[in-house]
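Proteins get letters first, then strands, A, B, ... in listed order; numbering begins at 1 in each.
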2 protein chains.
Amino acid sequence: MKFYKNYVAGEPILWQGDNFDYVASVVQGVATLGKTLEDGRTQLVGLLFGSDFIGRPGREKIDFDICAVTDVTLCCFRREPFEALISSTPSLADRLAEMALDELNAAREWMLLLGRKTAQEKIATFIEMLVRRQHNESLHGMKPKLSLPLTREEIANYLGLTIETVSRQITSFKNKGILEFSDRRNFKVKDMKALKLATGDDTEGGVII
Amino acid sequence: MKFYKNYVAGEPILWQGDNFDYVASVVQGVATLGKTLEDGRTQLVGLLFGSDFIGRPGREKIDFDICAVTDVTLCCFRREPFEALISSTPSLADRLAEMALDELNAAREWMLLLGRKTAQEKIATFIEMLVRRQHNESLHGMKPKLSLPLTREEIANYLGLTIETVSRQITSFKNKGILEFSDRRNFKVKDMKALKLATGDDTEGGVII
DNA sequence: CGTTCAGTTGAAGGCATTCAACGTCGGTGG
DNA sequence: CCACCGACGTTGAATGCCTTCAACTGAACG
């Protein structure tokens with residue numbers, strides 16, 4: 001019923017329209033959910049981190065692409081026994097429903113970003129989200145080294161921008177002393193307050209993580 | 001346990017952050033789900049039509065605004081007995097989970113629109129969605145009169161545009177002979193094929209509704 | 001040392017926005 | 001009845017933000 005699958009960075013996990021007879025949970029690594037138009041324009045609609053879930057009971061098709069951006073390990077379950085397990089375990093069904101609702105809220109938050117935020121605000125929001133997620137993962141590591149899990153192109157596709165704009169906005173945050181990069185991927189937040197301010201969101205009383 | 005509530009067009013139903021001790025189903029009318037930034041920029045993240053659902057078990061707060069755009073009737077259920085009912089009725093829980101997943105898919109589709117589509121494609125996609133939904137409602141009414149349920153401003157907020165751009169793009173579709181308006185709100189689609197083409201989506205073999 | 005790929009930077013251009021004026025419709029009151 | 005008003009919508013001109021196009025940098029690799 002249960003088995004593991006491994007993917008190397010850059011490898012596609014599922015293509016839009018594939019049907020797929022198991023469900024899975026991310027054990028390790030980061031993957032992207034993306035949709036593409038016929039002419040190649042791509043929009044990432046979600047990121048999958050550890051313990052995120054792929055596939056849902058009753059949905060055999062998936063209408064977006066899933067792609068590994070780092071090496072990824074999935075824990076897979078055959079569909080029939082898993083659905084049987086859900087039927088007999090209400091708490092599991094509840095948990096899945098909870099996760100779906102969380103994703104829905106995240107998707108709607110991102111709609112606000114895509115529809116109404118400026119490039120600067122998009123980048124700030126993206127970085128701030130990374131801080132929050134990576135902070136949760138490395139529990140209480142006080143201001144750890146942070147890293148961008150995505151290439152500039154993937155960031156662009158996640159934020160509805162171009163690579164060039166992403167690059168310029170990141171440079172701008174460097175110049176303002178808000179971010180500091182040790183290389184292309186690894187950075188530290190020097191001024192969390194300014195970063196939060198730049199997201200365009202409610203200020204929440206200036207609480208610092 | 002069950003009661004009805006009525007709202008007139010334009011009336012707010014719920015504000016961002018309100019907590020709300022019942023759940024509801026839309027009986028009649030259209031409502032919008034919206035999120036707003038501090039400076040007033042607004043993004044609609046969903047439309048509620050008949051039989052759509054507001055609120056979820058275990059979520060007492062709602063983090064967006066809900067607003068009636070036409071006169072709206074809600075069928076409301078007190079939270080505690082409703083949650084008890086769900087626990088004892090797996091099929092109802094399944095149905096709610098299904099609806100949440102449908103909304104998630106719709107939200108992601110909309111993310112593609114917001115992040116990657118041009119103004120022209122956004123309008124075309126919006127109109128095409130209206131055709132599909134209103135077609136379902138008035139079962140098999142062959143090419144009925146269609147109507148925009150939203151003002152130009154609401155359309156703009158739904159598509160991540162300004163009113164002026166919405167107006168210009170609609171005019172453009174009129175001039176091309178793809179849409180024909182009898183007044184500001186009511187129209188017919190004169191060339192469905194061209195409309196679908198203009199959405200930027202996959203052509204689906206040119207199937208006409 | 002040349003190649004390649006990811007990222008950066010510069011300059012030009014375009015699409016949507018912004019600002020502004022006008023048009024239209026429905027309601028209200030003189 | 002008609003003038004006035006406000007809300008909604010349209011249209012025009014100018015600006016600007018992001019994109020597009022292009023050249024360059026730097027690191028990894030054979």
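- Distance, A:D183 CG to C:dG7 P: 11 Å, rounded to whole Å.
- The distance from atom CD of B:E121 to atom P of C:dC15 is 12 Å, rounded to the nearest whole Å.
- Residue B:L114 contributes atom CG, which lies 14 Å from atom P of C:dA16 at whole-angstrom precision.
- Proximity of a side-chain donor or acceptor of A:D71 to a complementary backbone N or O of A:A9 within less than 3.5 Å is detected.
- Rounded to whole Å, atom P of C:dT17 lies 7 Å from atom NZ of B:K122.
- In summary, of the residues considered (B:F77, B:F3, B:F82, B:Y4), a ring pair (Phe, Tyr, Trp, His ring centres under 6.0 Å) with B:Y22 occurs for B:F3 alone.
- Atoms CG (A:N157) and P (C:dA6) sit 13 Å apart, rounded to a whole Å.
- Using modelled atom types and a 3.5 Å distance limit, the side chains of B:K35 and B:T42 yield no donor-acceptor pair.
- With hydrogens and angles left out, the side-chain atoms of A:T151 and A:E154 include a donor and acceptor closer than 3.5 Å.
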Could you encode protein contacts along nucleotides 15-30 of chain D as a string, one character per nucleotide from 5' to 3', using B for base contact, S for sugar-phosphate-only contact and - for no contact, with a heavy-atom cut-off of under 4.0 Å? ---SBBB---------
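- The nucleotide whose nearest atom lies closest to any side-chain atom of A:R152 is, among C:dG7, C:dT9, D:dT10, C:dG7.
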Using the rule given for side chain to side chain donor-acceptor pair (under 3.5 Å), can you reason through A:D183 versus A:N186, listing the C-alpha separation, both sets of side-chain angles and the distance that settles it, and then say yes or no? CA-CA 6 Å; A:D183 61 27; A:N186 296 291; 3.2 Å; yes
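- To the nearest angstrom, C1' of D:dG9 lies 14 Å from CD of B:E154.
- Taking atom CZ of residue B:F181 and atom P of nucleotide D:dC8, one finds them 18 Å apart after rounding to whole Å.
- For the 3.5 Å distance criterion, the side chains of B:R41 and B:N157 fail to qualify, holding no donor opposite an acceptor.
- At whole-Å resolution of the value, CZ in A:R185 and P in C:dG7 are 6 Å apart.
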